[in-house]
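A quick write-up on the structure given underneath.
The first residue in the sequence is number 1, and the count goes up from there. Below, all heavy atoms of this structure are taken into account, side chains as well, without hydrogens, waters or symmetry copies. This structure is a prediction, so every number in the text was calculated from the model and none was measured.
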Amino acid sequence: MFGQDLCSSLPRTPGGMHDGGARRRRTSHLMFTCRWLSLDMQDAWPPPFRAVPAVKPSAPTLGDLGFEAVVLSGNTPSGEIEALFREDRGLRAVVVEVRGNLILLTRDQLDHQMTGRLGYGRALSARMTAEALVPCTTFSLPPSLDLRAAAAALLDRPEESRYQDVLVVPASGTPRVVPVSQVLEGLSDEFRHAALHDPLTGLANRLGLEESGQALLAGSGSARTAALYVDLDDFKVVNNTFGHRTGDSVLTAFAARLQACTRPADRVARLGGDEFAVLLADVDETGARALAERILRVLDEPFVHDGHVLQVSATLGLAMAGDVAAGDSGAGDSGARSSGAGQVGAGGDPGAQLEDLLRQADAAMLQAKHEGKRRLGRIDPSRPESRFARQALIRRRLPHALGSAAFSLHYQPLMDISTGECPAVEALLRWHDPELGAVSPTEFIHVAEHTGMIHAVGQWVIDQACAQARLWADAGTPRAISVNISPLQLAAGNLATVIHGSLQRHGVPPSLLNVELTESAAIVDLSSAAAQLRTLIGAGIGVALDDYGTAYSSLSLLRELPLTGLKLDKSFIDTIDTDPTSAVLVANVMASARALGLRTTAEGVERETQLAVLRGLGCDTAQGYLIARPLPPAELDGLSRRRVP
């Protein structure tokens with residue numbers, strides 16, 4: 001009854017059909033009014049929990065569009081049909097039932113029949129029935145069809161009928177007439193929604209948060225806006241232990257809990273991976289802290305998936321819009337938008353203000369992580385710049401680096417100690433950001449691993465290295481290139497496929513590419529990693545364990561991983577020519593590597609006395625400033641023939 005009453009108050013289209021677009025507009029208006037009424041009624045803080053769906057709403061289908069059709073029998077006189085169209089100038093079409101078949105009769109088709117262009121006079125045509133007026137065939141589609149499939153079907157129609165209305169016939173109920181314009185408009189809305197929302201949780205994504213957040217900050221209540229940066233603690237353990245399906249289930253459920261903690265006027269977004277953000281409207285710091293505590297408390301209840309009971313915690317960072325606005329008055333030089341805590345965006349620019357607000361909240365979250373996790377962090381904007389502020393800016397700038405010219409590869413030669421030639425190089429990633437300046441890999445690689453960006457960054461490095469290998473080969477100076485691979489790239493399970501695709505794309509033989517497994521993260525699944533490395537070696541690609549002797553490396557890795565080479569960390573080489581103990585340790589590692597059939601490379605060689613000791617110990621390759629610093633490709637000419645005494 002409610003649906004019927006609501007429809008009766010809406011504008012009607014020709015033939016008594018309700019305007020679906022008007023219905024949607026009226027419903028949206030009612031929802032907007034209710035949202036603000038609910039805010040006016042909320043005197044207590046935090047606000048009551050609100051029920052939100054755990055998954056995003058389903059995409060619209062063809063049956064959601066169009067208008068209920070007027071259905072006529074096949075023996076209806078043409079004069080009556082013409083009168084219907086004449087009385088209601090907005091009537092687009094009627095549906096005629098002929099021996100159980102439903103056929104669409106549009107206004108244009110009726111006019112074409114009644115004007116006499118087929119050899120009949122109007123008087124004679126007026127005696128015809130609807131059955132004689134309808135076309136031989138009609139274009140109909142099922143109501144369950146999604147808009148993308150519907151648009152594809154429409155484009156397959158002949159051009160002269162491509163933009164005619166579509167008949168949609170449900171299994172039961174009244175047929176619908178759907179204008180093509182509605183299909184295209186709905187498809188545009190669907191694409192826009194997909195561009196602004198996270199496909200897993202249905203929350204706004206980073207782009208959606210930027211759009212809605214800037215509108216919030218541009219409003220009159222921007223001075224009472226707060227940002228909460230939410231990061232789930234050690235969430236990669238869930239994915240690595242229980243699988244990504246379980247991880248996705250937890251993320252979806254947490255997104256629903258997070259949204260339930262907030263008010264409809266607040267903005268909730270998933271920024272990527274296990275990172276979320278909440279923009280709070282019209283709130284002071286006490287209220288923002290209360291909401292943050294509520295978010296921490298809702299995680300006391302474990303998540304359940306496929307019989308697994310998972311306890312997940314989060315760390316939050318808080319920043320107030322006043323922090324950003326406060327520093328603006330004191331920022332008078334071009335360095336005002338540095339990475340320091342408490343610095344401010346450009347004046348009244350909502351985009352810059354939002355960027356600074358989120359970065360401040362991110363820095364507060366990182367500081368809280370450093371202090372012990374599962375807590376709320378808050379940075380005093382009056383304090384000097386902290387390393388957490390720079391790290392927060394790195395996290396926010398990193399996604400932009402791939403889409404610009406910020407990344408580049410330099411190449412450091414690897415010298416064959418026995419010949420003094422440099423037939424190979426190691427590709428080293430460099431990042432120069434317009435805001436951060438030069439960013440060291442030691443700063444951004446672990447950020448890339450934490451945020452999941454390491455996969456896109458790693459693939460870019462592989463592809464660029466293959467492209468450079470092709471250029472050198474074409475120039476008659478082929479060099480094998482070593483690229484660094486994170487264990488997280490191995491964990492994805494598609495490393496061999498990614499490398500093979502780049503080699504094929506650039507026409508590079510496998511012998512011109514080597515991979516070096518870095519130790520920035522532990523290898524969780526050794527059997528899977530070993531299988532992928534075995535595939536690479538079988539294809540002719542060299543595989544070396546990098547930075548041996550630090551972090552996660554051990555003799556057990558030499559036993560469990562298929563390798564072709566071993567690189568000794570610089571810390572071993574630094575004192576090899578001055579400390580006998582270091583020389584003994586390196587000698588033992590060299591002996592073990594030779595017994596396993598591995599080529600050895602010494603990193604960080606800076607003195608000829610170090611090189612002499614390494615030559616005496618039988619080391620195969622040396623790398624370091626004594627041979628050459630990392631250089632752009634154009635500066636490497638001639639180094640393949642260089643000999644070092």
Ignoring hydrogens and angles, write down the donor-acceptor pairs under 3.5 Å from the side chains of residues 141-155, residues two or more places apart or on other chains.
unit_1, atom_1, unit_2, atom_2, d
D146, OD1, R148, N, 3.0
D146, OD1, A149, N, 2.9

Whether the side chain of [X] engages the backbone of [Y] through a donor-acceptor N/O pair (distance < 3.5 Å, no angle test) should be reported.
{"X": "E443", "Y": "S440", "answer": "yes"}
{"X": "D248", "Y": "R245", "answer": "no"}
{"X": "S502", "Y": "I499", "answer": "no"}
{"X": "H197", "Y": "H193", "answer": "yes"}
{"X": "D234", "Y": "V237", "answer": "no"}
{"X": "R375", "Y": "K373", "answer": "yes"}
{"X": "Q367", "Y": "G377", "answer": "no"}
{"X": "Q311", "Y": "L299", "answer": "yes"}
{"X": "R270", "Y": "D198", "answer": "no"}

For [X], enumerate each residue passing the side chain to side chain donor-acceptor pair (under 3.5 Å) test, keeping only those at least two apart in sequence or located in another chain.
{"X": "D306", "answer": "none"}
{"X": "R374", "answer": "D300"}
{"X": "D433", "answer": "R397"}

Could you note down all residue pairs passing ring-ring contact (aromatic ring centres under 6.0 Å, His included) where residues 277-306 supplies at least one of them, sequence neighbours left out?
none
Any ring-ring contact (aromatic ring centres under 6.0 Å, His included) involving residues 236-282? Give me the pairs, sequence neighbours left out, ordered by first then second residue.
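Of all non-adjacent pairs touching residues 236-282, those that pass ring-ring contact (aromatic ring centres under 6.0 Å, His included) are F242-H308, F254-F276.
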To the nearest 0.5 Å, tell me how far [X] [atom1] sits from [Y] [atom2].
{"X": "L376", "Y": "E371", "atom1": "CG", "atom2": "CD", "answer": "10.5 Å"}
{"X": "H446", "Y": "T451", "atom1": "NE2", "atom2": "OG1", "answer": "10.0 Å"}
{"X": "M320", "Y": "L280", "atom1": "CE", "atom2": "CG", "answer": "8.0 Å"}
{"X": "L184", "Y": "D189", "atom1": "CG", "atom2": "CG", "answer": "11.0 Å"}
{"X": "L251", "Y": "T201", "atom1": "CG", "atom2": "OG1", "answer": "8.0 Å"}
{"X": "L291", "Y": "L296", "atom1": "CG", "atom2": "CG", "answer": "10.0 Å"}

Do [X] and [Y] make a side-chain contact, defined as non-hydrogen atoms from C-beta onward lying under 4.5 Å apart?
{"X": "F407", "Y": "V461", "answer": "no"}
{"X": "L216", "Y": "L354", "answer": "no"}
{"X": "C466", "Y": "R505", "answer": "no"}
{"X": "D233", "Y": "V312", "answer": "no"}
{"X": "R395", "Y": "L271", "answer": "no"}
{"X": "L318", "Y": "L316", "answer": "no"}
{"X": "I445", "Y": "N484", "answer": "no"}
{"X": "W460", "Y": "D463", "answer": "no"}

Please say whether more than 12 non-hydrogen atoms of neighbouring residues, nucleotides or ligands are located less than 6.0 Å from [atom1] in [X].
{"X": "R192", "atom1": "CZ", "result": "no"}
{"X": "R157", "atom1": "CZ", "result": "yes"}
{"X": "E190", "atom1": "CD", "result": "yes"}

Less than 4.0 Å between a side-chain N and a carboxylate O, is that true for E435 and R396?
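Not counted as a salt bridge, because no side-chain N and carboxylate O are separated by less than 4.0 Å.
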In plain terms, say whether D356 and R359 are close enough for a salt bridge, that is, a side-chain N and a carboxylate O under 4.0 Å apart.
yes
Applying side chain to side chain contact (heavy atoms under 4.5 Å, CB included), run through I462 and L495 and close with a yes or a no.
CA-CA 10 Å; I462 291 169; L495 179 62; 4.2 Å; yes
Would you check, one step at a time, whether the test side chain to side chain contact (heavy atoms under 4.5 Å, CB included) holds for L429 with L409?
CA-CA 5 Å; L429 184 58; L409 289 182; 3.9 Å; yes
For a quick test of reading the model, state the closest non-hydrogen atom pair linking [X] to [Y] and the distance between them.
{"X": "Q259", "Y": "L203", "result": "OE1-CD2, 3.5 Å"}
{"X": "H455", "Y": "A492", "result": "CE1-CB, 3.8 Å"}
{"X": "H432", "Y": "A438", "result": "CD2-N, 3.8 Å"}
{"X": "G458", "Y": "Q489", "result": "CA-NE2, 3.4 Å"}
{"X": "T315", "Y": "K369", "result": "CG2-N, 3.7 Å"}
{"X": "Q360", "Y": "A319", "result": "CG-CB, 3.5 Å"}

For a side chain to side chain contact (heavy atoms under 4.5 Å, CB included) check, start with the C-alpha distance between V439 and R390, then their side-chain angles and the critical distance, and finish with the verdict.
CA-CA 10 Å; V439 189; R390 179 171 172 83; 4.1 Å; yes
Could you verify whether a donor N or O on one side chain and an acceptor N or O on the other, from T286 and R289, lie under 3.5 Å apart?
no
Mind running side chain to side chain donor-acceptor pair (under 3.5 Å) on T174 and E68 for me, showing each step along the way?
CA-CA 6 Å; T174 306; E68 290 185 356; 4.6 Å; no
Kindly determine whether V283 and D266 satisfy side chain to side chain contact (heavy atoms under 4.5 Å, CB included), including the steps that lead there.
CA-CA 10 Å; V283 66; D266 300 327; over 6 Å; no
